[in-house]
Structures are given as C-alpha cells and as structure tokens.
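Right, one structure below, let's go through it.
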Amino acid sequence: MIVSIQEYRTASKTSHTPNIISLRTSKFLTPMPTRIPTPTIIKRIAKKSVIQPSTEWGVAKEIEEGTYTIKVGSDASMGSPQEVFAALNAYRATNSRSALTWDDGLGKYAQSRADYINSIQTTDKHAGFNHFLEQEDGFNTLGFYRLGENSYYGGPLSGTHVIEWVFAKSPGHDANQKDTDWTHVGIGVTNSTVNLNFGGSKI
C-alpha cells in the first residue's frame with residue numbers, strides 16, 4: 001500500500017521560528033498569525049498515478065515540496081479519532097513531549113477536513129486549510145493564534161500505525177506532531193482519511 005504525505009503548519013504571531021514565510025499586522029499594528037508549510041498525508045491505492053512511489057517499505061520519498069509517498073501495510077479498519085489521539089500522545093511521551101489536550105472545535109474542523117479529503121480522494125495541498133485561515137477568519141473561529149495540519153489519505157491503518165508508520169517517517173509531519181508549541185489537537189477520521197489539526201497559544 002502506497003501512502004503519500006503532504007505538510008502544512010502555521011506559526012503564531014509570537015513565533016520566532018526561522019521558517020515563517022509571512023507576517024501580517026492588523027490596523028492596530030498587532031502581529032497576526034502566519035503560515036508555514038508542514039505535513040499532510042495521502043495514501044493512493046486504487047487509482048493510477050504519475051507519482052513514482054518509494055518501493056522500500058517504511059521510507060518516505062518526497063515527490064514535490066511537502067508531499068511524500070511511503071509504502072506501508074494496511075490494517076483491518078481505520079483507527080477512531082480517540083485511538084489516533086491516544087497514539088499521538090503516547091508517541092509524544094516516548095519523545096519527551098507533553099500530552100496534547102483534545103479540543104472540540106479543532107475536532108469538528110478536523111472531521112470536516114477529513115470528510116472533504118475523502119470526497120475528493122486525495123489531499124488538497126492544504127488549500128482548504130489556507131482558505132479557512134485567510135478568508136474565513138480561521139484563527140479567531142478556532143480560537144488559537146497558531147494552527148497546523150497533518151493529513152492522510154489511503155487505506156485503513158490503526159492509530160499507532162498512522163502516527164508511527166506514516167507521519168513519523170516524514171520530517172515535516174514528524175516535526176509537526178512532536179512540536180512543543182502545540183497544546184491542543186482535534187482529529188477527524190473516515191474510512192480512508194485522517195486529519196489532525198493542531199492548536200497553540202489560545203486566543
């Protein structure tokens with residue numbers, strides 16, 4: 001089973017990370033949240049693709065900026081949001097990171113993203129996420145100065161396998177799920193997609 005991964009992350013107005021690509025200010029000159037490319041995961045199995053996937057099991061291969069393929073096995077069913085949430089916090093604990101708190105607003109948004117990705121049968125390179133932040137006041141709607149996204153499309157995987165077989169194998173996805181600035185997360189799941197939306201610095 002071939003998985004493809006794409007990355008996307010945002011930084012807060014207080015972030016001093018070197019990879020911030022833009023900074024906006026309000027009419028009061030208060031710095032506003034900015035976006036930084038990070039992870040999304042796509043798994044392509046039924047349709048032909050021009051992607052030349054990695055043929056080595058468990059090795060992520062970048063096919064374009066922020067998008068990867070990875071060959072992994074499959075499980076009997078997709079992990080539930082709570083199973084993925086538990087696996088994420090277990091993974092963070094093994095990497096000396098604090099546990100994230102579940103946020104219902106992020107969870108509802110993550111489910112809408114998972115449903116959309118499932119409907120188009122591929123990830124959208126975070127186009128929907130970008131539009132939500134830039135055109136629909138997404139930061140204020142979700143209540144965080146910093147927001148990020150990891151997305152997966154493909155066959156069924158347990159929560160642990162999504163986190164450790166897929167997201168952990170992409171540098172950007174892994175950095176996102178281990179980021180110490182995140183405090184909250186919401187997770188959406190369908191039979192072929194998993195979407196994680198991270199939040200930090202509550203408004």
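Positions are given from 1, in the same order as the sequence printed here.
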Please give me the minimum heavy-atom distance between [X] and [Y], naming the atom from each residue.
X      : Y      : result
Gly148 : Trp182 : N-CH2, 3.5 Å
Pro156 : Ser77  : CB-C, 3.4 Å
Gly186 : Ala110 : O-CB, 3.5 Å

Using ring pair (Phe, Tyr, Trp, His ring centres under 6.0 Å) as the criterion, list what pairs up with Tyr116, not counting sequence neighbours.
-> none

Which residues share a ring pair (Phe, Tyr, Trp, His ring centres under 6.0 Å) with Tyr91, sequence neighbours left out = none

All salt bridge (charged side-chain N to carboxylate O under 4.0 Å, His left out) counterparts of Lys202, not counting sequence neighbours = Asp103

Do the non-hydrogen side-chain atoms of [X] and [Y] ever get within less than 4.5 Å of each other?
X      : Y      : value
Asn197 : Val185 : no
Phe85  : Ser80  : no
Arg146 : Asp181 : yes
Asp104 : Leu106 : no
Thr101 : Thr183 : no

Do Asp174 and Asn176 pass the side-chain hydrogen bond (donor to acceptor under 3.5 Å, both in side chains) test, and can you show the C-alpha distance, the side-chain angles, and the key distance before you say yes or no?
-> CA-CA 5 Å; Asp174 198 38; Asn176 220 12; over 6 Å; no

Below 4.0 angstrom, N of the basic side chain to O of the carboxylate: do Asp124 and Arg113 qualify?
-> yes

Yes or no on side chain to side chain contact (heavy atoms under 4.5 Å, CB included) for Val194 and Met78, after CA distance, side-chain angles and deciding distance?
-> CA-CA 9 Å; Val194 175; Met78 191 71 84; 3.7 Å; yes

Can you sort out the partners of [X] under side-chain hydrogen bond (donor to acceptor under 3.5 Å, both in side chains), two or more places apart, ordered by chain and number?
X      : result
Asn95  : none
Gln82  : none
His184 : none

Residues pairing under salt bridge (Lys or Arg N to Asp or Glu O under 4.0 Å) where one sits in residues 80-93, two or more places apart or in two chains, turn out to be none

Start with the C-alpha gap between Gln111 and Asn195, add the side-chain angles, then the distance that decides, and say whether side-chain hydrogen bond (donor to acceptor under 3.5 Å, both in side chains) holds.
-> CA-CA 7 Å; Gln111 187 61 55; Asn195 213 77; over 6 Å; no

Atom [atom1] of [X] and atom [atom2] of [Y]: how far apart are they, to the nearest 0.5 Å?
X      : Y      : atom1 : atom2 : value
Ile163 : Lys169 : CD1   : NZ    : 13.0 Å
Leu88  : Ile187 : CG    : CD1   : 5.5 Å
Phe167 : His161 : CZ    : NE2   : 14.5 Å
Glu149 : Asn130 : CD    : CG    : 8.5 Å

Mind checking what makes side chain to side chain contact (heavy atoms under 4.5 Å, CB included) contact with Asp137, not counting sequence neighbours?
-> Asn140, Thr141

Please work out which of the three classes, parallel, tilted or perpendicular, describes the rings of Phe129 and Tyr109, given edges at 30° and 60°.
-> tilted

Determine yes or no for a side-chain-to-main-chain donor-acceptor pair under 3.5 angstrom, with Arg97 supplying the side chain and Thr180 the backbone.
-> no

Judged by modelled atom types alone, do Asn118 and Thr193 share a side-chain donor-acceptor pair under 3.5 Å?
-> no

Any chance you could lay out the side chain to side chain contact (heavy atoms under 4.5 Å, CB included) test for Ile117 and Thr122, step after step, and finish with the verdict?
-> CA-CA 6 Å; Ile117 291 168; Thr122 186; over 6 Å; no

Ring centre gap for Phe144 and Phe198 strictly below 6.0 Å | no

